[in-house]
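Below: one structure, written as structure tokens.
Chain letters run A, B, ... following the sequence lines, proteins first and then strands; every chain starts at 1.
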2 protein chains.
Amino acid sequence: MSETPPPRKRDASATTEAILTAARAVFTEKGYDGAGTREIAERAQVNVALISRYFGSKEGLFAAAVPPMMTLDAVMAGEMSGFGARLAASLTQKTAKTGFDPMLALLRAASSPEAVPILRQALQAQVLRPLATRLEGPNALERAALIGALVVGFDLLTRVLGLTATTADAPDGLERTLAKSVQALVDQR
Amino acid sequence: MSETPPPRKRDASATTEAILTAARAVFTEKGYDGAGTREIAERAQVNVALISRYFGSKEGLFAAAVPPMMTLDAVMAGEMSGFGARLAASLTQKTAKTGFDPMLALLRAASSPEAVPILRQALQAQVLRPLATRLEGPNALERAALIGALVVGFDLLTRVLGLTATTADAPDGLERTLAKSVQALVDQR
DNA sequence: CCAGCAAGTCAACACCCGATTACAAAATAT
DNA sequence: ATATTTTGTAATCGGGTGTTGACTTGCTGG
């Protein structure tokens, strides 16, 4: 009967990775303020003080954990003619295969002053700029920003506020309407 | 030399109103978690305990303060053919004449579990439902929800994250692009 | 083998939060 | 004028936060 089966070998890189994974989950669920260092540490099965040791502070942990997960690579791959449909599909399916939702994390943390600069920079670099370069025609930056607004607003209404506006006669009407709006922004020129 | 010029007559309704006004400002600025009862009381020039007395709790104060300020009456008045332009204009001009931005308050408070049910109900009753009834054609509810998503996402990007995507050649390109997207959702049928 | 360093633990710190209590003062009714 | 109710005040409680420092434990190179 081993009460503590393997005493978890000492491995700095493994524990930092465990902290990062736990932090991504908790930040996504609770936002920046709502996530506590003790909770993150507990989920990572790690002592709280190690967060300060490895990341300096809670803010440092946030800066290390969240930006890397912000990427639209999956839906950006492929022809832009199907971008709206792919994006809408990736938003309406419950959770991405990774288990994390970067946009959800973004808007849950957006009200905390310390988190704002980190989120702004990550959003610019990982989402808006790459997307704008693939948009042809004028006002590419503005249209990319509006697509981002559509995505993040959609996530807010559905995932955070829990609005389910599916009428009986059109079960997936929301997804199709969303896809159409996004595609209109892509094709606009 | 009157040190305390008018000792502030005792008036329950006046103080509750002062608390409500201060609460709306602080909730809009800092969100639900970020807003402290002491700060609200201080801005209202009122003792902290009076919040508990008149509203029961911080959550009660939030429920009393925020929902009434959520209304799109101003931009909903008039022909629907100009709805997109009016909505976009009201979002891009720095602050509404009231000084409060209901959508901004919504998304700043959206990450706090206690605030979510209050916000959801207010958004449904004051914004989505009235808007949907004025939209002709199919999927009115879905289209209303998407307009809401566009509005709240736009506010998040511009006001919270501070993204200014105005390119040099198109100073108000953002507003026109936004108006076009909204109007497309209005006219779609 | 053991000194030295890295990795992890523990307890406490100083601070802020929302809510409650007991009390004083003003307004109103008797 | 006195009694009663309303309105406001002050101090405090219990709990939770991120962070720190001193300490212990395990690994590893000489």
* Structure fact -> Here the distance between atom P of D:dT9 and atom CD1 of B:I19, to the nearest Å, is 10 Å

* Donor/acceptor link under 3.5 angstrom from A:R38 side chain onto base of D:dG16 -> no

* Given C:dT20, C:dT9, D:dT19, the nucleotide with the shortest approach to the side chain of A:L50 -> C:dT9

* Asked: Between C:dG18 atom P and B:E42 atom CD, what is the distance in whole Å?
  -> 13 Å

* Asked: Between C:dT9, C:dA7, D:dT9, which nucleotide gets closest to the side-chain atoms of A:N47?
  -> C:dT9

* A:T15 side-chain N/O to C:dG8 phosphate OP1/OP2 under 4.0 Å -> yes

* Per A:R10 side chain, nearest of listed nucleotides C:dA6, C:dG18, C:dA26 -> C:dA6

* So what does A:A41 hit on the nucleic acid, given a heavy-atom distance under 4.0 Å: a base, only sugar-phosphate, or nothing? -> nothing

* Asked: Out of D:dG18, D:dT20, C:dG18, which nucleotide sits closest to the side chain of A:A49?
  -> D:dT20

* Asked: So what does A:Y54 touch, heavy atoms closer than 4.0 Å: a base, only the sugar-phosphate, or nothing?
  -> sugar-phosphate

* To do: Over 60° means perpendicular and under 30° means parallel, so classify the ring planes of A:F27 and A:Y32, tilted if in between.
  => parallel

* Asked: What is the distance, rounded to the nearest whole Å, between atom CD1 of A:I51 and atom C1' of D:dT17?
  -> 13 Å

* B:E114 atom CD: more than 12 heavy-atom contacts under 6.0 Å -> yes

* Could you give the CD1-to-C1' distance, from B:I40 to C:dA19, as a whole number of Å? -> 14 Å

* Structure fact -> Between B:K58 and B:R53, whichever has its closest DNA chain C nucleotide further toward 5' is B:K58

* To do: Decide whether A:V48 and A:F55 are clustered together by the hydrophobic rule: side chain heavy atoms of Ile, Leu, Val, Met, Phe, Trp, Tyr closer than 4.5 Å, transitively.
  => no

* To do: Could you check how far CG of B:D33 sits from C1' of C:dC17, rounded to whole Å?
  => 11 Å

* Asked: B:L61 has an atom CG; how far is it from atom C1' of C:dA19, in whole Å?
  -> 14 Å

* Which listed nucleotide (D:dG18, C:dA7, C:dG8) is nearest to the side chain of A:A12? -> C:dA7

* For A:G36, does its backbone N or O pair with a side-chain atom of A:K30 as donor and acceptor, under 3.5 Å? -> no

* Can you check the B:D11 CG to D:dG8 P distance for me, whole Å? -> 8 Å

* Structure fact -> Output for pair (B:Y54 OH, B:L61 CG), nearest 0.5 Å, gives 13.5 Å

